Each structure stands twice: as C-alpha cells, then as structure tokens.
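Both backbone and side-chain heavy atoms feed into the values below; hydrogens, waters and symmetry mates do not. Along the sequence shown, the residues carry numbers beginning at 1. Just so you know, these numbers come straight off a predicted model, no measurement behind them.
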Amino acid sequence: MKSLLLLLLAASGAFAAALPNILFMLSDDQAWSGLSCQMHPDMPDSKSSIVQTPNIARLAEQGMRFSAAYAPAPVCSPTRISLQTGRNPAALGWTKAAPAEMGHRLIEGDNRKSIRDDEITIGQMLKSAGYATAHYGKWHLSGGGPAAHGYDESDGDTGNQDAAPHLPPNPVDIFGMGTRAVEFMKKSQAAKKPFFIQMSYNALHYPENATPALVEKYRKLAGGRDDKEVGRAAIAEDLDRGVGELLAKLDAMGLSKNTIVIYMSDNGGSNRRTLNGGKGDVWEGGIRVPLIIRGPGIEAGSWCHQRVVGYDFFPTFCRWAGVKSPLPTQLEGGDITHLLSGSSDPVKRSREPLVFHFPHYQGDSPHSAILSGNMKLIHFYETGENQLFDLQADIGETKNLASKQPELTAKLSKQLADYLIEVRAEMPKANPNYDPKQEPAKKGGGKGGKKGGKKP
C-alpha cells in the first residue's frame, strides 16, 4: 500500500519549477512564553521576562505569529511522530516519551516507541513531489532513522543522548546542524530542486552545555533562579544565534524570497506568569507553544488567533509542494494555508474538536483534554472528574465552570470518550497492586490537577 501510494505520487505531475522551499525549525521544551517576542498581542506576559531571542523576534516581525498554536502532545516523541504522519498521538498509540511510572493508583496506558515501515511520512510525500529532503538533529522515533522514512540526508537514528557530547562553541550541535543544512541548501540549489529541511534542535535540552558567557549573563539577569533555569535561558539564546546564522545564510544565497520558514516548539514548558501547567500535562502550559511562519504572501507583523495544531502541517506542506494525489486516508490535520492569507475561518479537519490524550503520570496524573471553540474540558482518570474552562476569558485555566455548565460538560465529556474509543486509544487501567503507602509522589502539573484533578 505504501509503495503504491508513493508511485502514484511520483506519477501525479506534482513537480513545478517555482515550488517553495520549506525550512521547518523545531525547538525542544520551549514554553509559549519562552521567547523575547510576545505570542499574544494583548498579553505582555506571553514573552519571557529575561530570555533574549532577537533573531527569532525579527522572524516574528517578518511573518505571522499564532497565538493559539498547539503541539500534538505535551512531550517530545509523540509530537514528532504526529508531525511525520499528520495524525493525533492518541490514534497512533504513542503518547509518552519517558518510561512509565510505576506504583501509582493507575497503570499507564501502553505506549509504542518506534515508527513503523508502513507509516507514510511527510518526508516521503515531499520527496515524491520532487523535493530534496533532509532531517537534522533529534529524530527520537527509532525505526532506522530518517533515511528509512523519506529523507535524503539526516544525522541518523538520534535521540536526546546524541546532543550531550556537543559543547561550546557548538552547544548541543546547534551550529553544526546549521552548517549541514546550508550545505544541503547549496546542493539542492545547484540541482534546481526545492528543498524541505526539518531542523529538530536539541535545545533546550542539556542547559549545562550552554555557552559559559551566556550562562554568566543570565545568572545576573535571572534574579536568584536555579542553575538549570539559568542554563535554559542561556541555551535558548544559543539557539536563537543558530537560527539567526541559518536565516542569514538563506538570505545570502538568495533563497529567502521563495522559502517558507516555520519556527515551533515540540511541547510546552514552564509558564510562571501566564499559563497553567507545563511539560507532561495537557493544561495549556504543556501544549500551547510558540509558532511563527514567514514566507511568500504572508503579511509581515501579522497575527492569527485560530487554533492550529502540529499535525496540520502535513496537509499544509503537501499543499505548498503541489502534491496532487490523495493524502493518507487516516490523516487528521487540516490545511492552514488560508490562515496565512489573512483568513479567520477555522481550520477544516477530518475530526473535530481537538483532543489531547496523556494517559500517563508525568506533569499530572493521567488525563485527557478536548477543545471546542473557546471551551476546554480536562478529564482526570484517577478521580473521574471533569473540569471545564473558557480559554477566551481564562487562558490560565483558573476558573472551573463544570458545575455551572453541566450540559456542555457532559457533551464534551462524551465527545472526548467517543473519540478515544473510535481511534482505539490506549487507556490507563486500575493497578491491582496499588499500595497508597508506597506510591511515589506526584510531580504535579496544573493548578487544579496536582492530585489528579482537584478543583482550583
């Protein structure tokens, strides 16, 4: 089936001389408010109070910022498989990166760890449409690495650990990745082929690898914050310098006018002043992420407030690449190109509303969320409790409206359950050997979910 689709794509006539290049830059664990440019025009706290990312801020001024962009998952590898396949991690059966935590009231849902050979990736789709394809940095999907899944060049079957040896002046290989990407651009340009490059940066991992001068800079700026947070701020600026150098090379090669540049984080992070929760839970802090897109026809300094999610990029990239053949039947993302032209119409997807499923212990106890319009329901599996929030009025998820809107709560709860049943999502189960005296401490994610969904 996979080979047949790729042959159809190759024969589809989806080759054109003026197809845009696509440069997709994915940071790691960068919070919605982790940049020095705001992610919402009316919220000053939607940018960092100390981190300085002038190059990414310049990119934002040149393109469109998305105030309501979501990673498919609150942790890295489920987001990465979702980006490659255009599907929800719940439907893929891949919802966590770290090992399961044991000894809790519930046994975590099962979770696979490797991309399958029969899964059609965005790399394969674009390669069949005439693109030169490359993936640099963190793959974290096993399965033989990017070369086995549609990428002409890559750094191999990499994970977090591959970043650790890279120290200044090339912290976590930020600048090495950039050098390889530029060489790939030159080869593609010489071959007169459009390119798709995914830059899967390892930063903000390994903050201890940050440039020492930047560590000292942020130690002074951070006002007594711990060494890890200081290091994360420093390595965020290292990443910004790498992004700036890569974009400068793009300009110097005369490629900027026909290159679409995307900057996004793979999941949320700590949002001290703005959002609830963080990595490892589906409160807004765990899944709402920075997203910036610059390219031909995109108005400089523009904003989009429609909700978009990472797996929307699959059909969007295919649209840009002129792919004519049918897309994979199980695709869940929707084309967002109309938003980049200034439309405010919602994204059309095969399934609505948006669902985020995390049947694991990490930032919070096992829970799932569903977003419909401005309303968001979170269901906690330990207690069976539902919490309801109006994100338009309460982006920080501080006012649980479930008791005031029982009909909407019941409706969204049913929609969430029906979706998870439909896609055969892995679910947490009761632990028959649970001993509350031996239970490890929960890390706590959201303000209302530190003990499995207590009310705010």
Relative to the ring of Tyr151, is the ring of His135 parallel (under 30°), tilted (30 to 60°) or perpendicular (over 60°)? perpendicular
Going through the distances and angles, do Arg232 and Asp29 end up as a side-chain contact (heavy atoms from CB on, under 4.5 Å)? CA-CA 10 Å; Arg232 286 171 65 83; Asp29 291 355; 3.8 Å; yes
Salt bridge check, Arg87 against Glu119: does any charged N sit closer than 4.0 Å to a carboxylate O? no
Gap between atom CD of Glu237 and atom CG of Leu214 - 0.5 Å precision: 4.5 Å
Asp162 vs Asp155, side-chain contact (heavy atoms from CB on, under 4.5 Å): CA-CA, chis, key distance, verdict: CA-CA 10 Å; Asp162 294 285; Asp155 292 332; over 6 Å; no
So do the side chains of Lys217 and Gln52 get within less than 4.5 Å of each other, counting heavy atoms only? yes
Within the side chain of Ser372, is there an N or O that forms a donor-acceptor pair under 3.5 Å with the backbone of Met375? no
Verify the ring-centre separation between Phe196 and Phe317: is it less than 6.0 angstrom? yes
If I take atom NE2 from residue His379 and atom CD from residue Gln387, how far apart are they, to the nearest 0.5 angstrom? 11.5 Å
Taking atom NZ of Lys249 as the centre, report whether more than 12 heavy atoms of other residues, nucleotides or ligands fall under 6.0 Å from it. no
Ignoring hydrogens and geometry beyond distance, is a side-chain donor-acceptor pair present between Tyr361 and Glu108 at under 3.5 Å? no
Donor-acceptor pair, side chain of Ser67 and main chain of His40, under 3.5 angstrom: no
More than 12 heavy atoms of other residues, nucleotides or ligands under 6.0 Å from NZ of Lys348: yes or no? no
Can you measure from OG (Ser27) to CG (Asn267) and round to the nearest 0.5 angstrom? 8.5 Å
Looking at Phe184, is its backbone amide N or carbonyl O close enough to the side chain of Ser188 to form a donor-acceptor pair, meaning the two atoms are under 3.5 Å apart? yes
Establish, from distance only, whether the side-chain atoms of Asp240 and Asn55 form a donor-acceptor pair under 3.5 Å. yes
Can you find a heavy atom in the side chain of Ser36 that is under 4.5 Å from one in the side chain of Val51? no
Report the relative orientation of the aromatic rings in Trp283 and Phe380; use parallel for angles under 30°, tilted for 30 to 60°, perpendicular for over 60°. tilted
Residue pair Cys304 / Met64: nearest heavy atoms and the distance that separates them: CB-SD, 3.7 Å
Under the side-chain hydrogen bond (donor to acceptor under 3.5 Å, both in side chains) rule, collect the residues that match up with Thr409, sequence neighbours excluded. none
